[in-house]
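Have a look at the structure below, then the notes.
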Amino acid sequence: MAMDAQSAPLVLVEQQGSTAWLTINRPEAANALSRALVARLRAELSELATVNMLTAVVLTGVEGKAFCAGADLKERLAMTLDQTRAFLDDLGGLVNAIADFPRPIIAAISGAALGGGLEIALACDFRLADTSARLGLSEVRLGIIPGAGGTQRLSRLCGMAVAKQLVLTGQRIDADRALALGLVSSVVPAGELRAAVTALATELGAAGPLALGQAKRAVNQGFDRPMAEALIVERQCYEVVLDSEDRNEGLRAFAEKRPPRFKGR
Ligand code: COA
């Protein structure tokens, strides 16, 4: 297991029913993305991707002070340009792994979600925040630009005007503003985030795990395509669930008036 200077795990992993919680654990660096942390998150996701019965992953930051303050700027200072390019590739790989993860991923945002931290949240399927959340793509203020999909995902999620507002000004917005812009789906009082996320995860837990993966894939891969192509994508995803044990169990359970016992296959 990758350890930080103090030998603490960089990512805490916790199972809660059919939900896995991944908690970024670098409180001394506002949970900034070091190279080791990016690698650890990718490794944890690869492992979770093999768990049939999983119905959701929650991504959050330790102690609720920061979700993630973006790239580790102290580490960056000592990196060559080629090392920085390699980091961008790795971070891009992590963000894509989140977007393509075969189950829903919920970002539970408390405190700062800045730069790469917000880009990670943008790749998640749900973003819930508490009132302490501060969100921004602050890169231009450092003389760079978002490099892990932020310029593209924000405009797709919230529209071009919102993307230009945040990307070009680098401003930080509070949770209520993020809610008004559609950047987060709900805002709860500090201390109530875990309960709110658990309620959403519990709802997802009632679904067939395989269905969750294919429903996510259908929405993601159909988006941006012409309707006729998008409907073909949807049908391809349907085919996967059509020929599944979960589908048969769902029908049987309905007929027998009982809750289904899905297996995620
Ligand atoms: N990389 C490396 N270290 C970071 C960091 C980052 N992105 N963000 C914060 N830290 C470190 C701070 O340097 C500080 O370490 P120190 O105690 O050794 O000085 C520690 O985390 C706590 O940060 P601090 O600023 O003291 O806490 P805060 O609660 O007042 O503010 C932030 C937290 C995240 C709002 C603030 O640190 C910040 O704005 N960070 C920069 C975020 C940023 O611009 N990210 C975009 C990257 S492209």
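Order of listing sets the numbers, starting from 1, for every ligand and every atom in it.
At a 4.0 Å heavy-atom cut-off, the residues surrounding ligand 1 are Glu28, Ala29, Ala30, Ala32, Ala69, Ala71, Asp72, Leu73, Lys74, Ala112, Leu114, Ser138, Glu139, Leu142, Arg172, listed by chain and number.
Ion pairing of Arg26 with Asp72 is present here, as a side-chain N (NZ or NE/NH1/NH2) and a carboxylate O approach within less than 4.0 Å. Electrostatic pairing of Asp246 and Arg265 does not count as a salt bridge here, judged by no charged N lying under 4.0 Å from a carboxylate O. Using a cutoff of 4.0 Å between basic side-chain nitrogens and carboxylate oxygens, Asp224 and Arg156 are scored as salt-bridged.
Contacts of Ile173 classified as side chain to side chain contact (heavy atoms under 4.5 Å, CB included), with partners at least two apart in sequence or in another chain: Leu135, Leu166, Gln171, Arg177, Ala178, Leu181, Leu183. Thr198 meets the side chain to side chain contact (heavy atoms under 4.5 Å, CB included) test with Gln16, Trp21, Arg194, Thr202; sequence neighbours excluded. Take Ala43 and apply the side chain to side chain contact (heavy atoms under 4.5 Å, CB included) test, not counting sequence neighbours, and it matches Arg40.
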